Amino acid sequence: MALVSMRQLLDEAAKGGYGVGAFNVNNMEQIQAIMEAARETASPVIIQASRGARSYTNDTFLWHLMQAAVELYPEIPVSLHLDHGNEPATCISAIELGFTSVMMDGSLEADGKTPASFEYNVAVTKEVVEYAHARGVTVEGELGTLGGIEDGHGSGEVHLTDPDQAVEFVEATGIDALAVAIGTSHGAYKFSKEPDGEVLKMDLIKEIHRRLPDTHLVMHGSSSVPQELVAEVNKYGGSLKPAWGVPMREIQLGIQHGVRKINVDTDSRLAITGAIRKVFVESPEKFDPRDYLKPARAAMQALVASKMRDFGQAGHADDYASLSLAEMNDRYATAAV
Ligand code: G3H
Ligand code: 13P
Ligand code: ZN
């Protein structure tokens with residue numbers, strides 16, 4: 001089927017009471033791993049690309065890889081989303097390329113680092129909503145800022161989302177999905193120990209959902225940083241420091257309270273790196289890239305499939321299967337631009 005709008009995926013997820021993983025990609029193997037995991041678990045899925053991913057792949061390569069994914073996995077509803085658009089022009093170029101969803105991250109200024117004012121955030125987000133909705137494209141906004149600066153996103157300061165402002169923000173902008181700041185950050189080093197309610201504010205999600213029951217909530221920085229993946233990287237020569245992420249049970253609690261999109265990048269990076277390091281250490285004579293990219297792809301597939309089951313999206317690709325391809329295209333495809 002054609003790429004579907006993310007709004008459609010999230011509306012279906014809300015009806016079914018499950019979450020949908022949004023997995024970051026930078027290359028063919030990651031796209032293949034996600035699509036294979038989606039097929040294995042019959043899951044609808046969101047594939048997302050950051051600005052960095054777009055410049056690494058070159059938009060044209062990325063677009064054609066996604067077209068191949070859609071063609072080869074016709075039974076999987078898939079949405080292509082821009083992660084952390086830094087200004088309206090970045091979102092507009094993604095929409096022109098064919099993305100079916102964009103994030104306008106106006107919580108930070110266009111440099112992606114300086115915390116922005118509420119007024120600035122409303123203005124740039126509203127501008128993108130007007131452009132995107134006219135073309136059937138979904139928009140995610142963000143209110144509050146995540147911690148974590150090591151991956152190049154964020155100010156390093158955490159500003160938790162204010163529930164009152166969240167209501168005002170959604171009303172003023174018309175966004176489809178709201179990314180909330182509840183104490184998480186991007187990257188492997190989110191918490192110095194297993195997080196409790198003092199540092200990971202799940203109560204805030206409950207409160208925002210109570211006030212905005214019809215807005216799909218998004219959790220960024222949702223990698224769980226599984227201890228076994230960290231140990232695998234370190235066993236084969238890596239030097240990751242002790243690291244804690246967001247426990248799956250907290251994500252599942254969020255899903256019970258309106259979280260519909262769950263962003264994961266770091267865990268995929270860990271799975272890939274561990275698998276590649278293992279080959280390098282155990283078989284130093286090998287130099288065909290397929291010898292280490294195949295296990296890397298398989299490791300990411302296993303990770304993503306397991307998350308799809310835990311988020312509850314597994315089995316839900318079939319919800320769309322009663323429609324013919326033509327009907328699905330009519331119903332879900334975004335307007336041509
Ligand atoms: O938002 C953070 C994602 O992990 C993307 O990271 O900008 O290094 O591609 P990136
Ligand atoms: P992680 O670094 O926790 O995987 O978060 C990714 C993310 O939020 C992308 O927007
Ligand atoms: Zn993010």
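Just so you know, these numbers come straight off a predicted model, no measurement behind them. For ligands, and for the atoms within them, numbers begin at 1 and follow the listed sequence. One is the number of the first residue; the rest follow in order along the sequence.
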- Message: Quick check: of its N, O or S atoms, which one does H186 have closest to the Zn ion (ligand 3)?
- Response: NE2
- Query: Which part of A188 is near ligand 2, with near meaning a heavy atom under 4.0 Å away: side chain, backbone, both or neither?
  - Reply: neither
- Item | Ligand-side contact atoms (ligand 1) for residue partner D83, heavy atom cut-off under 4.0 Å | 1 (O), 3 (C)
- S50 heavy atom under 4.0 Å from ligand 1: yes
- Between N263 and ligand 1, find which residue part has any heavy-atom pair under 4.0 Å and reply side chain, backbone, both or neither. neither
- Can you sort out which atoms of ligand 1 are near D265, meaning under 4.0 Å from one of its heavy atoms? 3 (C), 4 (O), 5 (C), 6 (O)
- Task: For S93 and R54, test the side chains for any donor-to-acceptor distance below 3.5 angstrom and give the result as yes or no.
- Result: yes
- Just which atoms of ligand 1 are under 4.0 Å from any heavy atom in H84? 1 (O)
- Task: Inspect the contact between D267 and K307 and indicate whether a charged nitrogen and a carboxylate oxygen are less than 4.0 angstrom apart.
- Result: yes
- Any side-chain heavy atom of V78 sitting closer than 4.5 Å to one from I46? no
- Query: Given that the side chain starts at C-beta and the backbone is N, CA, C, O, which of these parts of D83 lies under 4.0 Å from ligand 2, counting heavy atoms, or is it both or neither?
  - Reply: side chain
- May I ask you to check whether H186 and N263 show a side-chain donor-acceptor distance below 3.5 Å? no
- Query: How does R269 reach ligand 1, if at all, at less than 4.0 Å between non-hydrogen atoms: by side chain, backbone, both, or neither?
  - Reply: side chain
- Message: Considering both backbone and side-chain atoms of G221, is one of its nitrogen or oxygen atoms within less than 3.5 Å of a nitrogen or oxygen in ligand 2?
- Response: yes
- Message: Any nitrogen or oxygen of S222 lying under 3.5 Å from a nitrogen or oxygen in ligand 2? Just yes or no.
- Response: yes
- Hey, which atoms in ligand 1 end up nearer than 4.0 Å to a heavy atom of N24? 3 (C), 5 (C)
- Message: For ligand 2 and S223, I'd like to know whether there is a polar contact (N/O to N/O, distance under 3.5 Å).
- Response: yes
- Report the part of N24 in contact with ligand 2, treating N, CA, C, O as backbone and CB onward as side chain, heavy atoms under 4.0 Å; options are side chain, backbone, both, neither. side chain
- Task: Report yes if the side chains of V264 and N24 come closer than 4.5 Å at any heavy-atom pair, otherwise no.
- Result: no
- Query: Which ligand 2 atoms does K190 reach within 4.0 Å, using its non-hydrogen atoms?
  - Reply: 1 (P), 2 (O), 3 (O)
- Query: For H220, what is the atom name of its N, O or S atom nearest to the Zn ion (ligand 3)?
  - Reply: ND1
